[in-house]
Amino acid sequence: MKFSNYFLPTLKNIPADAEIISHQLMIRSGMIKQSSAGIYSWLPLGLRVLKKIEQIVREEQNKAGAIEILMPTIQSADLWIKSGRYEEYGKEMLRIKDRSDREMLYGPTNEELITDIFQSYINSYKDLPKNLYHIQWKFRDEVRPRFGIMRGREFLMKDNYSFDLTKEDAKISYNNMFKAYIKTFLRMGLTPISLRADTGPIGGDLSHEFQILANTGESTLYYDKDLESLDPQNLNPEKLQSYYAAVDDHHNENQCPISKSQLKISKGIEVGHIFYFGTKYSEKLGGYVQNNKGNKIAVHMGSYGIGVSRLVGAIIEAFHDDKGIVWPTQVSPFQVSLINLMPENNKCLDASNKFYSQLINHKIEVLYDDREVSIGKKLSDNDLLGFPYQIIIGSKNLKDNLVEIKVRKENFIEKFNPEDAINFIKTQLNTII
RNA sequence: CGGGGAGUAGCGCAGUCUGGUAGCGCACCUGGUUUGGGACCAGGGGGUCGAAGGUUCGAAUCCUUUCUCCCCGACCA
């Protein structure tokens, strides 16, 4: 993509409405535009990140055996009245009436709908287990939306629902998802910390929340430092759940089971939550199957959420510096910035154009900054955008047949001849999972 | 929902107290000069001052009502 053809409005001034760093950077890098409180439009660059995160989540769900569906955003109130949550959910639920005066709502979550789908088609224990998910926009009319995209009223969430015959089976599904979650966050370059959680309004008796480490996070976490170096190839959910991890409210220095040298303290942001809630919804909404003796049994359910849009902000909170965003390669909107410092210089132009087609041929995602703006503007914009690699082309180095590569994360700059530059980038990108 | 703050050009702000032709920086347009870290010079365009009502010869400024947004707290993916 050529910058001059793209729609990427970068901003020098920090918008007054944005308080936290990820919100500021998302606006300054032209990722989002606020539409009203807690509701945002996604501009091209932001959308690319959102889609990448969504895709990683999807792939890991599929690998774990979950099956993708898509349920509507607007739901009828009927099922919610049945489950008792039409009252219970309160003002956070956005209620709408259609033209026939039927009560509708913009779904804040989907337990009711999924159970209804389940009960329509699944009647036998032979069809279990099942695990269905979708990635869909939700709306919760928060009292106070804040932190930009991280706590919007409208947000994109992956949520899935498992159905099992017994509690024991449900536990297997639960642990399966637990593992998938850890893998998902690791793939995004994040450090996930799982904590046993209060079950809250969803209800149930087993629940974990997943936080990712970020210096600017809201919660303070106390955890076993082994959790910082997990091997994605070799994850044991039971073992992971046995590690010590607690938010500050629950942490007690005197009762902490691990040694001080093993204990780490850091800030975190919640990005996922999983629940086992037994037969709460299946009983109310008819989620029954027959077992091998012909008895009707309410299925054991779990639900599992990942805040996809929140992750965009959370990742920026985890990865930025004073110049801008520092994207992990896996979710970066583009992999490479190709920066032509002097577009009016024919040699630079030729070299840049050549790089551009080579990168495209190698299927490397490149944003080619071909704009006629000052050098400083160009370099600082690209630092702000924060793609992992920058290929910088200028006349001085080109005289010696050299270009610069800047690794954004390390702020490391090295000169290469053009062939080696491409190879270097290729090698670097191939080492990413 | 309790407490606090803010709405003036695309963005950031001054002007409001003390009423008298709406300003600055960035961005944008034109021309020129520059060219390895947010360039310089000259010229230019862009505003029903959030909205409605009122006071006044005259309102961004005073009064009333209202809408919106942000921050702190209680609550959450």
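Quick note: numbers below take in every heavy atom, side chains included, and nothing from hydrogens, waters or symmetry partners. A, B, ... follow the sequence lines: proteins, then strands. Residue 1 opens every chain.
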Do [X] and [Y] have side-chain N/O donor and acceptor atoms under 3.5 Å apart?
X       : Y       : value
E209(A) : Q211(A) : yes
H134(A) : D159(A) : yes
K399(A) : N397(A) : no
E228(A) : Y223(A) : yes

Subject >> Nearest-nucleotide 5' precedence on RNA chain B, I149(A) against Q34(A) >> reply: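 The 5'-side residue here is Q34(A).
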Original post:
Quick one: on RNA chain B, does M157(A) or I20(A) contact a more 5' nucleotide (nearest heavy atom)?
Top reply: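 The residue closer to the strand's 5' end, by nearest nucleotide, is I20(A).
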Measuring only the [atom1] atom in each nucleotide, how far is [N] from [M]? A whole number of Å is fine.
N      : M      : atom1 : value
A51(B) : A60(B) : P     : 11 Å
A6(B)  : C17(B) : P     : 15 Å
U8(B)  : A22(B) : C1'   : 8 Å
U56(B) : G43(B) : C1'   : 40 Å

Original post:
Using a cut-off of less than 4.0 Å, is there contact between a side-chain N or O of R144(A) and OP1 or OP2 of C72(B)?
Top reply: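 Yes, such a contact exists.
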Using a cut-off of 4.0 Å on non-hydrogen atoms, how would the nucleic acid contact of [X] be classed: base, sugar-phosphate, or nothing?
X       : answer
S36(A)  : sugar-phosphate
I27(A)  : nothing
G152(A) : base
K91(A)  : sugar-phosphate

Now, which nucleotide makes the Watson-Crick or G-U wobble pair with [N], with each of the two distances under 3.5 Å?
N      : answer
G19(B) : none
U56(B) : none
G46(B) : none

Selection from [options] that lies nearest to any side-chain heavy atom of [X]:
X       : options                : result
V143(A) : A77(B), C1(B), G12(B)  : C1(B)
N13(A)  : C76(B), C1(B), G12(B)  : G12(B)
E142(A) : C13(B), C76(B), G25(B) : C76(B)

**OP:** Could you list the residues that satisfy side-chain hydrogen bond (donor to acceptor under 3.5 Å, both in side chains) with N62(A), not counting sequence neighbours?
**Re:**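 N62(A) satisfies side-chain hydrogen bond (donor to acceptor under 3.5 Å, both in side chains) with Y133(A) once adjacent residues are dropped.
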**OP:** Encode nucleotides 29-47 of chain B as B, S and - characters from 5' to 3', where the letter depends on protein heavy atoms closer than 4.0 Å: B to the base, S only to sugar-phosphate, - to neither.
**Re:** ------SBBBS--------
In whole Å, I'd like the distance from the [atom1] atom of [X] to the [atom2] atom of [N].
X       : N      : atom1 : atom2 : answer
I39(A)  : U68(B) : CD1   : C1'   : 13 Å
M150(A) : C70(B) : CE    : P     : 15 Å
I53(A)  : A77(B) : CD1   : C1'   : 13 Å
D17(A)  : G50(B) : CG    : P     : 15 Å

Original post:
Has the side chain of R153(A) got a donor or acceptor that lies under 3.5 Å from a partner of the other kind on the base of C76(B)?
Top reply: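 Flag unset: no donor-acceptor pair detected.
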Subject >> K63(A)/E60(A) salt bridge by N-O under 4.0 Å criterion >> reply: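 Here E60(A) pairs with K63(A) in a salt bridge, since their nearest N and O are under 4.0 Å apart.
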Subject >> Stacked cation flag R408(A) on F387(A), 6.0 angstrom / 45 deg >> reply: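 So R408(A) doesn't make the cation-pi contact.
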Subject >> Any pair counted as ring-ring contact (aromatic ring centres under 6.0 Å, His included), so long as it reaches residues 303-327 of chain A, sequence neighbours left out >> reply: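 Listed once each, the pairs would be none.
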